[in-house]
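Scroll down for the structure; my scribbles are underneath it.
For clarity, every value in this text was computed on a predicted model and none was experimentally measured. The chains referred to below are lettered A, B, ... by the order of the sequence lines, with proteins before strands, and numbering in each begins at 1.
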Amino acid sequence: MTSGNEMQIDVDRRDDLVVASPVGEIDLARSPSLRSRLGELLGEKPPRLIIDLSKVPYMDSSGVATLVEALQVSRSKNSTLVLAGMQDRVRSVFEIARLDTVFTIVADTATAIRDGS
Amino acid sequence: MTSGNEMQIDVDRRDDLVVASPVGEIDLARSPSLRSRLGELLGEKPPRLIIDLSKVPYMDSSGVATLVEALQVSRSKNSTLVLAGMQDRVRSVFEIARLDTVFTIVADTATAIRDGS
Amino acid sequence: MAGMGGSPSGGRTGHREAGMSDAPSLMRLELVSQPELLAPVRAMLTSLSERLGFDEVETGHLALAVDEALANVIRHGYDGATDGRIWISARVVDEPTRRLQIEIEDQGRQIDPAMIRPRDLDDVRPGGLGVHLMREVTDSCEFERRTPAGMRLVLEKSIPTSRSPGRRDNKAGTPENGTP
Amino acid sequence: MAGMGGSPSGGRTGHREAGMSDAPSLMRLELVSQPELLAPVRAMLTSLSERLGFDEVETGHLALAVDEALANVIRHGYDGATDGRIWISARVVDEPTRRLQIEIEDQGRQIDPAMIRPRDLDDVRPGGLGVHLMREVTDSCEFERRTPAGMRLVLEKSIPTSRSPGRRDNKAGTPENGTP
Ligand SMILES: Nc1ncnc2c1ncn2[C@@H]1O[C@H](COP(=O)(O)OP(=O)(O)O)[C@@H](O)[C@H]1O
Ligand SMILES: Nc1ncnc2c1ncn2[C@@H]1O[C@H](COP(=O)(O)OP(=O)(O)O)[C@@H](O)[C@H]1O
């Protein structure tokens with residue numbers, strides 16, 4: 001039983017930024033796949049990596065841990081990592097984990113691109 | 001454990017017709033509730049009863065049986081019963097049961113009202 | 001983890017009946033015969049079959065088949081009593097073809113499997129559609145008497161081989177696959 | 001239907017431990033320790049808690065708590081091995097207050113319950129959030145060692161009393177309630 005473990009991640013490359021959009025629930029089965037894709041993308045040292053979470057209805061602590069690790073890697077590579085379009089249920093997990101102030105979180109991808117945060 | 005057994009059914013009364021819109025999945029737990037509400041509505045002998053199924057994502061054979069019974073009751077009362085707005089998954093159940101030609105099935109409630117079928 | 005002794009559902013692996021595969025269950029669910037539990041079971045099987053690669057229509061059909069089977073156990077096996085027990089187990093069988101096998105067992109009324117059959121559909125009346133629906137939407141649907149009590153039903157549905165939901169939208173040659 | 005002898009998960013009702021209610025389980029699920037099964041379990045519990053009257057936020061929290069608990073059993077109890085067994089049971093307890101009780105049991109590594117605690121959240125690092133999340137989103141969350149092996153976790157969440165999903169949108173006095 002493996003077919004559902006791979007996280008679908010749509011990637012959009014623009015001038016100085018990469019937008020990565022995972023699609024679907026992020027849990028222990030899928031976060032390893034998310035982790036390796038984000039590692040690949042950060043390996044390209046994009047000035048900015050925007051993770052569009054608008055198509056992620058659910059995330060557990062394994063997904064959160066993956067994003068914390070990506071944040072740390074991004075800092076070591078001088079990339080700016082931004083989380084965009086978080087659904088309420090996912091945001092509540094970040095709030096309970098008190099990570100909502102640690103990440104740069106914006107309303108949607110358009111805002112992230114425009115603000116150049 | 002009983003709170004989820006009652007079927008939510010929105011009812012809209014117009015001149016010569018009643019539109020009944022069940023909301024949610026119809027299965028063995030909820031079809032008794034659907035059955036009694038439809039019985040009440042047919043007791044009013046409306047010239048036409050339109051059952052709007054656009055908010056019913058799932059129906060099993062207990063729901064189908066309830067509608068077959070409502071069809072028979074409607075005939076005995078000279079009411080016209082129309083099924084409107086069926087989602088694909090529900091329609092496939094009617095097709096497999098070969099009831100798609102027994103019922104009057106129309107695309108949506110607006111069509112049912114306009115056509116006066 | 002081989003021995004099941006002392007486990008809360010001890011002895012599970014001792015029950016391999018004719019027609020059942022030796023493949024271990026992914027999950028085994030025991031529930032009481034309450035219609036309210038049909039929705040949670042459908043939700044679980046829908047999610048499981050999506051993860052296994054069934055498409056939306058097939059997933060809906062699988063949930064329908066199990067729902068109809070459980071409804072029959074509740075209505076006919078237990079005459080509507082809500083304190084009966086029902087067991088559902090799900091396993092993936094690889095030989096001869098990859099398929100999801102769902103086994104449903106009860107301790108209720110027994111009936112000759114040959115008597116469980118779809119009725120004539122031309123006779124339009126309420127009811128009598130469950131077995132017909134189950135047969136139409138599965139690849140295999142076999143009833144048998146359990147020992148010492150109740151019935152067993154084994155439903156099978158082939159798992160599509162080529163699809164991989166994770167990469168569904170990522171076509172070779174598009175940027176997202178060209179990453180070094 | 002009283003005796004469980006001969007049932008596929010025989011002996012189930014013989015397992016009442018300290019802290020557990022005598023109320024019978026609505027469902028009891030045995031699964032293998034595969035991360036792929038977390039989604040089906042969440043789907044089942046989401047549907048169950050919706051039917052019990054939990055709202056969307058509470059339902060999401062309940063699914064999260066169980067997901068985190070199972071993830072910990074898989075990672076810490078079984079060190080990532082996928083052939084471990086996990087049991088989840090759900091029951092409604094009425095006294096002293098109406099609540100959903102979820103029990104999660106394994107046969108994996110044992111640990112002193114006092115050692116299972118949330119870490120300091122100010123230390124931002126990957127991981128170490130599961131127990132904190134579980135505690136925050138439930139009303140009660142108690143670990144204990146099982147005999148002879150593994151851990152037991154009992155999660156509780158109060159069931160809202162006033163809501164009735166079926167009649168949510170039907171206000172007294174509107175036409176649909178005035179039917180004779
Ligand atoms: N689990 C069961 N235990 C005993 N009898 C059953 C069971 N499932 C089906 N049957 C028998 O098969 C018949 C056909 O079932 P079905 O097609 O679902 O229609 P219905 O349940 O509406 O009669 C039932 O009327 C019943 O006699
Ligand atoms: N089911 C379990 N079996 C054994 N140890 C556990 C279990 N659940 C939690 N633990 C222990 O509690 C600690 C805290 O768990 P958690 O807050 O989920 O963070 P993490 O799992 O990321 O370390 C774990 O590191 C582990 O030592």
Handout entry: Straight-line distance of D:E136 CD to A:E95 CD, nearest 0.5 Å
Key = 11.5 Å

Exercise for the section: Run the salt-bridge test on D:R42 and A:D60 with the 4.0 Å N-O cut-off and return the result as yes or no. Expected result: no

Practice task
Side chain from CB out, backbone as N, CA, C, O: work out which of these in A:Q72 comes under 4.5 Å of a heavy atom of chain D, or both, or neither.
Solution key: side chain

Practice task
State, with a plain yes or no, whether a side-chain heavy atom of D:H132 is found less than 4.5 Å away from one of A:R98.
Solution key: yes

Exercise for the section: Provide the closest heavy-atom pair for A:A65 versus D:G127 in the form atom of the first, atom of the second, distance. Expected result: CB-N, 3.3 Å

Exercise for the section: Count the heavy atoms of every other residue, nucleotide or ligand shown that sit under 6.0 Å from CD of A:Q87, and state whether that count exceeds 12. Expected result: yes

Completion exercise
In this structure, CD of D:E36 is separated from CG of A:D27 (nearest 0.5 Å) by 9.0 Å

Problem - chain D contact via A:T66 - which portion, at a heavy-atom distance below 4.5 Å - result: neither

Practice task
Drop me the distance from D:E68's CD to A:L28's CG, to the nearest 0.5 angstrom.
Solution key: 9.0 Å

Fill in the blank from the handout: Checked D:L129, D:L70, D:L121, D:L38 vs chain A; the most non-hydrogen pairs under 4.5 Å come from D:L121

Completion exercise
Turns out that what part of D:V137 lies under 4.5 Å from chain A's heavy atoms comes down to side chain

Exercise for the section: Flag yes if more than 12 heavy atoms outside A:D16 fall under 6.0 Å of its CG atom; otherwise flag no. Expected result: yes

Handout entry: Rounded distance [0.5 Å steps], CG in D:D67 versus CD in A:E25
Key = 9.0 Å

Fill in the blank from the handout: Value for NE2 (D:H61) from OG (A:S92), rounded to nearest 0.5 Å, stands at 3.5 Å

Practice task
Quick one: pull up CZ in D:R135 and CD1 in A:I96 and give me the separation to the nearest 0.5 Å.
Solution key: 14.5 Å

Handout entry: Within 6.0 angstrom of A:D15 CG, more than 12 heavy atoms from elsewhere
Key = no

Fill in the blank from the handout: In terms of heavy-atom contacts, A:A97 and D:L133 come closest through N-CD2, 4.5 Å

Handout entry: Under 4.5 Å from a heavy atom of chain D, the part of A:L99 involved
Key = side chain

